Amino acid sequence: MIDVLYFAWVRERIGLPKERIETGAATVAELVEELKAREDRYAAAFADLDALRVAVDQDLADFDAPLDGVRELAFFPPMTGG
Amino acid sequence: MTVRVQSAPFDFGAEANAFAQGRRDAGAIVTFTGIVRDLATGDLSRMMIEHYPGMTERALEQIEADARARWDLRDCLIIHRHGDLEPGDMIMMVATASPHRADAFAAAEFLMDYLKSRAPFWKKELTAEGAQWVDSKPDDEAALSRWADDG
């Protein structure tokens, strides 16, 4: 089980801030494909991966990052702090 | 070394004074404060700042550690607010203390550049027309590349 978190417009598009997902996906990209196939709201949120960032256990990562042993995943748009 | 992420306002003068107080090891202190700027149209009613609790503190601490590894810093302070803000409110501040002014200035700029696009905050602007997420700017990413060569 992986805790998956969504922030900013990704959260709004998917309609929830957090969910627990049971997955056999080996990488972040594979999990994204699973979610996109699941419902339209995921397909809408993940339509353009260039517009998204991913954090694996609270560190920025790439979409080809492995999910083995990962506890927390987060998807969000490019950050706008400062 | 202090990193604070909070919804409450902070007192910039008090923070800057406390940071500088009694310091004998650093001849130079640089501070920067970011303020919620109104839109060119003048109709920004509020700014909401969302963040990723846990990762935010972790990212800011990492950015601060990177700055300390590059420059001769005796202390650093990062305060960043989240939640509901209005035009004119202070969003964040950084302070750096170093024996040398060049290091204090460079480190403050580095902290600012990195926390703009590597710390998990997202701004949303609310106007009479509705709400809009602020897009990141290509310039923000470009600003990071200038630190890439000499590190």
Side-chain angles (χ1 to χ4, degrees), chain A residues 1-21 27-29 31-32 35 40-82, chain B residues 3 5 32-37 47-63 66 78-82 85 90-94 108-125 130-144:
Chain A
M1 298 288 275
I2 298 179
D3 285 322
V4 183
L5 284 67
Y6 309 108
F7 292 97
W9 58 255
V10 183
R11 170 178 55 74
E12 291 177 342
R13 234 169 257 188
I14 290 173
L16 77 178
K18 182 177 182 174
E19 60 185 324
R20 301 202 86 188
I21 292 179
T27 65
V28 174
L31 176 66
V32 167
L35 291 171
D40 285 348
R41 58 198 171 107
Y42 292 99
F46 292 113
D48 177 12
L49 292 191
D50 286 342
L52 288 180
R53 300 289 179 269
V54 59
V56 172
D57 286 332
Q58 304 193 351
D59 282 322
L60 283 174
D62 294 321
F63 279 85
D64 58 5
L67 288 184
D68 190 32
V70 169
R71 289 184 305 187
E72 186 172 295
L73 207 58
F75 295 101
F76 42 78
M79 296 159 270
T80 53
Chain B
V3 166
V5 181
F32 174 88
T33 318
I35 289 178
V36 180
R37 189 182 60 212
M47 175 176 276
M48 300 286 300
I49 300 178
E50 183 170 329
H51 81 117
Y52 181 172
M55 180 174 168
T56 308
E57 291 80 359
R58 189 182 162 95
L60 293 176
E61 282 162 12
Q62 183 61 54
I63 292 166
D66 290 347
I78 302 175
I79 301 174
H80 203 302
R81 295 180 64 194
H82 60 87
L85 287 84
M90 291 182 186
I91 303 181
M92 52 79 59
M93 70 171 286
V94 302
E109 277 210 275
F110 174 92
L111 291 175
M112 285 309 307
D113 283 347
Y114 272 83
L115 72 83
K116 258 193 131 45
S117 44
R118 290 291 183 273
F121 291 100
W122 301 275
K123 295 188 182 116
K124 190 179 202 180
E125 292 171 342
Q132 180 85 42
W133 290 102
V134 175
D135 284 328
S136 64
K137 298 177 186 68
D139 285 357
D140 294 341
E141 204 58 37
L144 299 188

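Convention: sequence-line order gives letters A, B, ...; per-chain numbering from 1. Just so it is clear, the values below take in all heavy atoms, side chains as well, and ignore hydrogens, waters and symmetry mates. This one's a predicted model, so the numbers in the text were calculated from it and none came from an experiment.
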What part of [X] gets closer than 4.5 Å to chain A, counting heavy atoms only: side chain, backbone, both or neither?
X	value
B:Asp113	neither
B:Lys123	both
B:Leu115	both
B:His82	neither
B:Arg118	both

**Study point:** Contact origin within A:Arg11 toward chain B - heavy atom pairs under 4.5 Å
**Key:** side chain
Rounded to the nearest 0.5 Å, what's the gap from [atom1] on [X] to [atom2] on [Y]? Could you check?
X	Y	atom1	atom2	answer
A:Glu12	B:Lys124	CD	NZ	3.5 Å
A:Thr80	B:Glu125	OG1	CD	9.0 Å
A:Phe7	B:Tyr52	CZ	OH	5.5 Å

Exercise for review: Return the option, out of B:Ser136, B:Gly34, B:Ala59, with the maximum number of heavy-atom pairs under 4.5 Å with chain A.
Suggested key: B:Ser136
Review point. So which of B:Gln62, B:Met112, B:His80 has the largest heavy-atom pair count under 4.5 angstrom toward chain A?
Key: B:His80
Exercise for review: Taking all heavy atoms of A:Pro77 and all of B:Trp122, pick out the closest pair and write down the distance.
Suggested key: O-NE1, 2.9 Å
Point to revise | 4.5 Å side-chain heavy-atom contact, A:Asp59 and B:Arg58 | key: yes
Exercise for review: Using a 4.5 Å cut-off on heavy atoms from C-beta on, say whether the side chain of B:Glu50 contacts that of A:Phe76.
Suggested key: no
Review point. In terms of heavy-atom contacts, does CG of A:Asp40 have more than 12 from other residues, nucleotides or ligands at under 6.0 Å?
Key: no
Review point. Is it the case that more than 12 heavy atoms not belonging to B:Gln132 sit under 6.0 Å from its CD atom?
Key: no
